[in-house]
Amino acid sequence: MGHGGDVIQELTTDHREVDELFGQFEDALPGSPDRKRLVDAITIELVRHSVAEEMHLYPAVREHLEEGDALADKEIADHARVEQLLKDLEEREPDDTDFDRLVVKLKTEVTSHVDDEENHLFPQLRNHVHSYVLESLGEKVREAKKTAPTRPHPAAPSTPPANRLLAPGLGLVDRARDYVTGRGQ
């Protein structure tokens, strides 16, 4: 899928890519290695996406939207639930008894979060934030995803400045681990 444009277009493209991965998961045979590979791909996309949002989108939400602190806090809490599910899945194999149940729970959480962003948060951003700022945020999010972690780190900070300092280092370690293990390839 094509990436680019303002932050809303970029993040919406990410959402569709994750939807596609969930669809592929549902089409894969239960207990198959394809399911583990797809959960790894979903994890990589969701972690990179979440870290970029926490680094750039949510600070902008706090700054530009009325009740922005509450909105950003809610979105970050959503991320924390998703990240814990991703961590739980990381420790499971596709033939484990609770693997599919955890994926269903993950999809439910992600779908709810995406629906909230696309139907509530993004329209507010579009209506209250200058297009130049949204374009700039889109570029920052794309850059952040390049160095973001690819594995869940539930204990890592989710707000600036700590997340901006730690995320690239965690990302480097994660990508090295991915390379060595062949994860995500």
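We're numbering straight along the sequence, starting at 1.
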Original post:
With hydrophobic residues grouped by side-chain heavy-atom distances under 4.5 Å, do L11 and M55 end up in a single group?
Top reply: no

**OP:** Go through the structure and list residues passing side-chain contact (heavy atoms from CB on, under 4.5 Å) with E67, not counting sequence neighbours.
**Re:** none

Subject >> E66 atom CD, neighbour heavy-atom count above 12 within 6.0 Å >> reply: no

Original post:
Quick check: does any side chain N or O of E10 sit under 3.5 Å from a backbone N or O of G4, one acting as donor and the other as acceptor?
Top reply: yes

Subject >> side chain to side chain donor-acceptor pair (under 3.5 Å): pairs with one or both residues in residues 28-37, sequence neighbours excluded >> reply: R35-D100

Original post:
Do I44 and V39 belong to the same hydrophobic cluster, where Ile, Leu, Val, Met, Phe, Trp and Tyr are linked whenever their side-chain heavy atoms lie under 4.5 Å apart, directly or via other members?
Top reply: no

Original post:
Taking only residues two or more places apart in sequence or in another chain, which ones pass side-chain contact (heavy atoms from CB on, under 4.5 Å) with K105?
Top reply: L85

**OP:** Output all residues satisfying side chain to side chain donor-acceptor pair (under 3.5 Å) with T150, sequence neighbours left out; order by chain, then residue number.
**Re:** D178

May I have the list of side-chain donor-acceptor pairs in residues 21-31 shorter than 3.5 Å, sequence neighbours left out?
| residue | atom | partner | partner atom | Å |
| --- | --- | --- | --- | --- |
| Q24 | NE2 | E20 | OE2 | 3.2 |
| E26 | OE2 | K107 | NZ | 2.6 |

Original post:
Is any side-chain heavy atom of R62 less than 4.5 Å from a side-chain heavy atom of D73?
Top reply: yes

Original post:
Got a second to check how far E63's CD is from D69's CG, nearest 0.5 Å?
Top reply: 11.0 Å

Original post:
Are V47 and L166 connected in a single hydrophobic cluster, I mean Ile/Leu/Val/Met/Phe/Trp/Tyr linked by side-chain heavy atoms less than 4.5 Å apart?
Top reply: no

Original post:
Do the side chains of T147 and L172 get nearer than 4.5 Å, heavy atoms only?
Top reply: no

Original post:
Do the non-hydrogen side-chain atoms of H15 and E117 ever get within less than 4.5 Å of each other?
Top reply: yes

Subject >> Other ILVMFWY residues reachable from L170 by side-chain steps of under 4.5 Å >> reply: none

Subject >> For E135, all residues meeting side-chain contact (heavy atoms from CB on, under 4.5 Å), sequence neighbours excluded >> reply: D6

Original post:
What closest approach, in Å, do R16 and V114 show between heavy atoms, and which atom pair accounts for it?
Top reply: NH2-CG1, 3.8 Å

Subject >> Considering all heavy atoms, the nearest T12-F122 contact >> reply: OG1-CE1, 3.6 Å

Subject >> Under 3.5 Å: donor-acceptor pair, side chain of N127, backbone of Q124 >> reply: no

Original post:
Nearest 0.5 Å, what's the CD-CD1 distance between E83 and I76?
Top reply: 11.5 Å

Original post:
Does any non-hydrogen side-chain atom of L46 lie less than 4.5 Å from one of L106?
Top reply: yes

**OP:** Please assess V103 against L89 for the test side-chain contact (heavy atoms from CB on, under 4.5 Å), listing each intermediate value before the final yes or no.
**Re:** CA-CA 8 Å; V103 173; L89 277 163; 3.8 Å; yes

**OP:** Supply the atom-to-atom distance S50 OG to D78 CG, rounded to the nearest 0.5 angstrom.
**Re:** 9.5 Å

Original post:
Could you state the interatomic distance from CZ (R48) to CZ (R142), rounded to the nearest 0.5 Å?
Top reply: 12.5 Å

Subject >> hydrophobic_cluster_shared for V18 and V141, side chain cutoff 4.5 Å >> reply: no

Original post:
Would you say L125 and L57 make side-chain contact, with heavy atoms under 4.5 Å?
Top reply: yes

Original post:
Among the clusters formed by ILVMFWY side chains lying less than 4.5 Å apart, do L71 and V82 turn up in the same one?
Top reply: no

**OP:** Return the set of residues passing side chain to side chain donor-acceptor pair (under 3.5 Å) with K146 (not counting sequence neighbours), or none when no residue passes.
**Re:** E143

Original post:
Do D116 and L121 come within less than 4.5 Å of each other through their side chains, counting heavy atoms only?
Top reply: no

Subject >> T181: partners by side-chain contact (heavy atoms from CB on, under 4.5 Å), with sequence neighbours left out >> reply: R151, R183

Original post:
Is there a side-chain contact between V51 and P149, using heavy atoms and a 4.5 Å cut-off?
Top reply: yes

**OP:** Using a strict cut-off of less than 4.0 Å between a Lys/Arg side-chain nitrogen and an Asp/Glu carboxylate oxygen, indicate whether K145 and D14 qualify as a salt bridge.
**Re:** yes

Subject >> Within residues 127-185 or reaching into it, pairs that qualify as ring-ring contact (aromatic ring centres under 6.0 Å, His included) - sequence neighbours excluded >> reply: none

Original post:
Going through the distances and angles, do E17 and H3 end up as a side-chain contact (heavy atoms from CB on, under 4.5 Å)?
Top reply: CA-CA 11 Å; E17 288 175 348; H3 284 271; 2.9 Å; yes

Subject >> Counterpart residues, side chain to side chain donor-acceptor pair (under 3.5 Å), relative to E53 (two or more places apart) >> reply: H49, Y58, H79

Original post:
Do side-chain atoms of R175 reach the backbone of G171 as a donor and acceptor pair under 3.5 angstrom?
Top reply: yes

**OP:** Side-chain contact test, heavy atoms from C-beta onward, threshold under 4.5 Å: evaluate it for E54 versus E75 and give yes or no.
**Re:** no

**OP:** Mind checking the CG-NE2 spacing from N163 to H56? Nearest 0.5 Å is all I need.
**Re:** 8.5 Å

Original post:
For R92, what residues pass the side chain to side chain donor-acceptor pair (under 3.5 Å) criterion, not counting sequence neighbours?
Top reply: D98

